[in-house]
Number of protein chains: 2
Amino acid sequence: MNFSIRQLEIFLSVAKHQSVSKAADQLCLSQSAASASLQNLEKSYGVSLFDRQGNKIKLNAIGHTLRKEAETLFAHCQQFDDALKRHADIGHLRVGASFTIGNHLVVRYLADYLENYPDADVQFETANTPDIVAKVLNYEVDVGMIEREVQHRELELIPWKEDELVVFCSASHPLAQKGVLKDKDIKEARWILREPDSGARFTFDRALAGLLPDIEIYREFKHNEAIKSAVESGLGIGCLSKVVLQNDFRNGDLVPLTLANRDMTRTFYFALPKQRHKKAAVEFWVELCRKMR
Amino acid sequence: MNFSIRQLEIFLSVAKHQSVSKAADQLCLSQSAASASLQNLEKSYGVSLFDRQGNKIKLNAIGHTLRKEAETLFAHCQQFDDALKRHADIGHLRVGASFTIGNHLVVRYLADYLENYPDADVQFETANTPDIVAKVLNYEVDVGMIEREVQHRELELIPWKEDELVVFCSASHPLAQKGVLKDKDIKEARWILREPDSGARFTFDRALAGLLPDIEIYREFKHNEAIKSAVESGLGIGCLSKVVLQNDFRNGDLVPLTLANRDMTRTFYFALPKQRHKKAAVEFWVELCRKMR
DNA sequence: TAGTCAGTATCGATTTTATCGATACTGACA
DNA sequence: TGTCAGTATCGATAAAATCGATACTGACTA
């Protein structure tokens, strides 16, 4: 590779102004430097880009052809320059969170984050836990927030906060009066649950181990809202994180049910690519979330 | 623009090998130079591209993202490098010729040209005269070969050789016996001619000035072959360059007719963009064609 | 636990490249 | 025949790339 980006820039400017002096002015460069740079480019490839006659300089056939290509290349260089600068931007951050965490917790922290980094370009997306993990490993997000442990050589997990699943039914459901469920109730109920890939389902399955084969899974949904609606309309009973249900319990739309001797607690985690130096933005985000717990 | 193509190359090589030493080897560079270059890139943008831990170095999230972009950019640079080299190629030449010149004269010279420049990348195309002129002015061909004068500030015309149009008919046509046409014959004949943009038609119109309004143009075609076929099948009489007709006259398939006092001669020209230094290949081509006249 | 190895970063020296200011050359124009 | 605006060239200097030598690090091993 026998040319420099600077030469490209000088070539383009001279071509545009049809003048070495004007190009030099525009680039804040001495005329002699511009002239020399241009000649170096031509000499090193044995190509003549301009016709020179006395004090005139004019693009020739090859110059015309190469100018077009040089323009796109230079633009491409500028794009890369931008990309480098963008990544240096203080505060730039991409967060990927599971549905439950994302929709009920993270959204509340964004405002606080942006107070500290007013110009930051913060991207935020939700998906289920395996998808978030994949995005972290693929460097598509800087930090993931997930609902269960995941083992991976390239993944660093940082515990964030404890959570608890709650079984619930509609206010008018027969079990609503009972409050506490026995194994018999569990087996007889029609369950409305999250899909098997979800963190909530993972914890549910673990907590109900032993009873699982006898449980009737009446419907599976991918989103918490769907489950709440279904349960509210009396279709069955559900099991979701308490963070999703607080408002509904307070309003009386839904009623919590207690399971004896079943551990429904779990831990939320940050999931980061295992690297030595975390971006300042990531460190700040993790600290912020911890404070807000 | 705060990065160099060299830095790009070094970054990509280190990313590929996950090792500064290996990258340095591949690039025939000392390890220290590679290390310094990489660090300069990172420092000048305030970005960290790799995680360094003791004697290990490993691409981090930003590095991953930027690697992809750097790859396409570097490929783009290589393309441009190629383009520069290609244009430096000795012998590289793009010739555009009018149909008549191209198909009957130029094709015979190409072999001689390639004897001198065995590895040359020679491109050759035919079109009618205005299109060839446009291509010359647009730097799409290095040299045009056309059948008549064209005025343009940016165009340099170099006369090449004299040519002559010949009127002809089929051997079985009534006029074939006559040999010489009078004005009356010209008006009564059914003419089969090239399209108005063509060089042959331009000369024909000039030569027959005064009679034009009375002439019956029975058919117009864009290609000489079509006219010859039509005339041969007795559809009418034609008028084309002698270079197109020599074989047919010799075989007796077509018969030349003489017009009294009509000047059907014309000049073929080279058409070049007006520039001071012509490429050696162009100069050589022009000389070659002159010798072959 | 000390020694080796393969890797990285750092240092000072040297070479190459970029840039500058001054000056010489060129053609157009008054 | 100057003047002007442009280009190329020259020598000097500043900046950058590269080198070889060396110091540091962590993994492995005797």
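Numbers restart at 1 for each chain; the letters A, B, ... are given by sequence-line order, proteins then strands. Values below: every heavy atom of this structure, side chains too, minus hydrogens, waters and symmetry copies. The shown structure was predicted, so the numbers you read here are calculated from the model rather than taken from an experiment.
Between the CD atom of A:Glu9 and the P atom of C:dT19 there is a distance of 10 Å, rounded to whole Å. In this structure, A:Glu42 atom CD and D:dT7 atom P are separated by 13 Å, rounded to whole Å. Put simply, CG on B:Leu29 is 15 Å from C1' on C:dT8, counting in whole angstrom units. One interatomic measurement links the two molecules: CG of B:Leu41 to P of D:dA17, which rounds to 11 Å at whole-angstrom precision. The CG atom of A:Asn55 sits 11 Å away from the P atom of C:dT26 (whole-angstrom rounding). Straight-line distance from the CD1 atom of A:Ile10 to the P atom of C:dC20: 9 Å, rounded to whole Å. Between the CD atom of B:Gln53 and the C1' atom of C:dA6 there is a distance of 16 Å, rounded to whole Å. In this structure, the NZ atom of A:Lys58 is 17 Å from the C1' atom of D:dG6, given to the nearest Å.
Aromatic ring pairs are classed by plane angle as parallel below 30°, tilted from 30° to 60° and perpendicular above 60°; the pair A:Trp160 and A:Tyr109 is perpendicular. Ring planes of A:His64 and B:Tyr139: parallel class, angle under 30° (limits at 30 and 60°).
Toward the 5′ end of DNA chain C lies the nearest nucleotide of A:Arg6, the other residue of the pair A:Arg6 and A:Gln31 mapping further downstream.
A:Asp142 pairs in a side chain to side chain donor-acceptor pair (under 3.5 Å) with only one of the listed residues (A:Lys135, A:Arg94, A:His92), which is A:Arg94.
A distance-only check finds no donor-acceptor pair linking the side chain of B:Ser13 to the backbone of B:Ile10 [under 3.5 Å]. Under a 3.5 Å cut-off, the side chain of A:Asn60 and the backbone N or O of A:Ser48 do form a donor-acceptor pair.
Each of D:dC19, D:dG6, D:dA17 was ranked by its minimum atom distance to the side chain of B:Ala33; first place goes to D:dC19. Taking every side-chain heavy atom of B:Ser32 into account, D:dA21 is the closest of D:dT9, D:dA21, C:dT19. Residue B:Ser19 has its side chain nearest to C:dG7 when only D:dG6, C:dG7, D:dA17 are considered.
In this model, the phosphate group of C:dA9 is approached by a side-chain N or O of B:Ser35 to a distance below 4.0 Å at OP1 or OP2.
Not a single donor-acceptor pair, N or O on each side, falls under 3.5 Å between the base of C:dA9 and the side chain of B:Gln39.
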